[in-house]
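Working notes for the structure below.
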There are 2 protein chains.
Amino acid sequence: MAVPSVAERVADELRLQLAEGALLPGARLTESTIAENLGVSRNTVREAFAELASERLVVRHPNRGVFVASLEAGDVHDVYTVRRAIEVSAMRAGGSPEDVAAVRAAVEEGKRAAAAGDHEALGTANQHFHGAIVAMAGSPRLNAIMGQVLAEMRLFFHKATVDAQFYQHYLPENEAICLALESGKPDRAADLLLAYLDRSEDNLSEVHGDAADAE
Amino acid sequence: MAVPSVAERVADELRLQLAEGALLPGARLTESTIAENLGVSRNTVREAFAELASERLVVRHPNRGVFVASLEAGDVHDVYTVRRAIEVSAMRAGGSPEDVAAVRAAVEEGKRAAAAGDHEALGTANQHFHGAIVAMAGSPRLNAIMGQVLAEMRLFFHKATVDAQFYQHYLPENEAICLALESGKPDRAADLLLAYLDRSEDNLSEVHGDAADAE
DNA sequence: AATCGAAGGATTGTTGAACAATCTGTGGAT
DNA sequence: ATCCACAGATTGTTCAACAATCCTTCGATT
């Protein structure tokens with residue numbers, strides 16, 4: 001019913017291209033060419049840029065232009081710090097049976113994707129899994145924050161060109177976390193999740209080719 | 001060195017007015033009048049609005065205008081859900097001695113304000129206290145999120161016209177939390193903080209005149 | 001008298017063009 | 001080779017216009 005504004009549609013389109021990897025980190029986004037390509041005004045593109053910049057998907061260099069954000073080594077640690085705070089907290093909240101069911105659904109979605117050998121789908125299933133975890137807190141703000149974090153992660157993965165085994169490795173962990181949750185032990189699930197996140201961060205820092213400081 | 005753009009200065013100015021209570025929740029912000037008052041273009045005001053909207057300080061009603069955000073009952077709970085996730089997580093991280101010193105400084109700042117009977121200062125000291133707690137995590141993203149949350153809270157306090165005793169009541173709690181932190185017991189401090197936040201939420205919901213559902 | 005609907009005014013959403021400010025890169029002078 | 005000036009391109013911002021939408025008022029109808 002609510003028709004999205006043109007600026008919002010432009011932002012959506014750019015978000016899509018970013019998620020698909022059509023725009024790689026570091027790439028420059030020129031106002032005029034985007035305005036021309038999408039058939040909108042430069043001013044409207046500008047509004048869309050403001051939105052994407054607030055989501056950290058894009059970085060503004062004053063008088064120089066906007067560039068697709070690229071996560072540096074420190075950013076990876078930072079993003080995982082946010083994830084640890086939010087996901088673990090939401091997990092300890094427990095969540096309603098429907099919330100737990102959503103987590104289970106994401107786990108099964110991942111299994112199917114792995115069976116089909118589709119690691120694009122495997123990646124999105126993993127994001128659904130973590131999104132469902134945060135959703136247990138029932139907090140619109142936490143959901144929004146997590147949404148942004150996941151979008152940032154997606155951006156990063158395209159840069160790292162993650163191989164199939166990357167996600168597959170985590171499938172049994174997701175299963176274990178989900179089982180703990182389903183058997184009414186959210187604290188146990190939270191501990192597993194925390195360990196998972198720590199390991200995931202290490203893996204990612206490694207892929208990124210960065211000497212991780214043992215903190 | 002970096003000169004803020006006009007749009008950013010407009011956003012800053014509006015943020016200031018919001019923090020000072022010059023613009024009360026629910027008030028309408030008309031593009032043309034603000035543009036005229038600040039001597040800038042309507043388009044620039046529009047960019048500033050986009051920024052404030054992304055911070056939830058302002059709400060956009062399509063084709064109707066932007067209004068100063070007003071926290072409803074559910075929003076209070078939501079904001080506290082975010083605070084619990086972020087603050088408690090940061091607290092458990094412990095933090096460097098300088099970080100702890102910053103927390104201590106905020107506590108003392110609060111004491112001085114209370115002694116002087118300045119509850120405007122008492123409020124900001126309290127915000128510094130919680131900001132310092134989050135800063136222990138050393139995460140720019142968490143700091144940014146907390147900054148937005150605190151800005152939202154400030155908005156709400158102007159609506160509720162909180163009395164002096166509101167903050168004063170929490171001074172000894174801040175002291176206790178800080179002491180636990182200083183004596184190397186961050187987990188103990190985190191537990192105290194969690195209890196603090198729960199009680200604070202109850203108080204606020206009460207002030208707001210809302211039948212809180214005991215969850 | 002109350003309800004409904006249609007004009008009118010006001011504000012937002014979007015466009016297009018224009019110009020100053022700033023950055024980038026090229027080429028020449030030392 | 002280094003430095004400086006200049007030209008080109010892009011951003012930042014303004015202005016003016018118009019369509020779309022909303023709110024209000026006024027009038028017509030029942």
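These values consider heavy atoms only, across backbone and side chains, with no hydrogens, waters or symmetry-generated copies. Throughout, protein chains are lettered first and strands after them, A, B, ... in sequence-line order, and every chain is numbered starting at 1. Only a predicted model underlies this, so the values are computations on that prediction, with no experimental measurement involved.
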For the residue pair Tyr196(A) and His130(A), is the inter-centroid distance of their aromatic rings smaller than 6.0 Å?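 Yes, ring centres under 6.0 Å apart.
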Check [Y] with [X], please: is the shortest side-chain N to carboxylate O separation under 4.0 Å?
X         : Y         : value
Asp75(B)  : Arg141(A) : yes
Asp198(B) : Arg84(B)  : yes
Arg83(B)  : Glu201(B) : no
Arg15(B)  : Glu20(B)  : no
Arg9(A)   : Asp12(A)  : no
Lys111(B) : Glu108(B) : yes

Testing the basics here: between [X] and [Y], what is the closest heavy-atom pair and its distance to 0.1 Å?
X         : Y         : value
Val107(A) : Asn174(A) : CG2-O, 4.0 Å
Leu171(A) : Ala114(A) : CD1-CB, 3.4 Å
Ile133(B) : Glu87(B)  : CG2-O, 3.8 Å

Would you please confirm or rule out a distance under 4.0 Å between OP1 or OP2 of dG12(D) and any side-chain N or O of Arg60(A)?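 So the side-chain polar atoms of Arg60(A) do come within 4.0 Å of the phosphate oxygens OP1 or OP2 of dG12(D), strictly under.
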Check nucleotides 6-11 of chain C against the protein and report each pair of N or O atoms closer than 3.5 Å, with its distance, or say if there are none.
unit_1: dT11(C); atom_1: O3'; unit_2: Arg28(B); atom_2: NH2; d: 3.4

Just report the end-to-end axis angle for the helix from dA1(C)-dT30(D) to dT30(C)-dA1(D), five pairs per end, to 10 degrees.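 Rounded value for the end-axis angle: 10°.
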Check DNA chain D against residues 34-59 of chain A and give the residues with a non-hydrogen atom under 4.0 Å, in numerical order.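 Those residues are Arg42(A), Asn43(A), Arg46(A).
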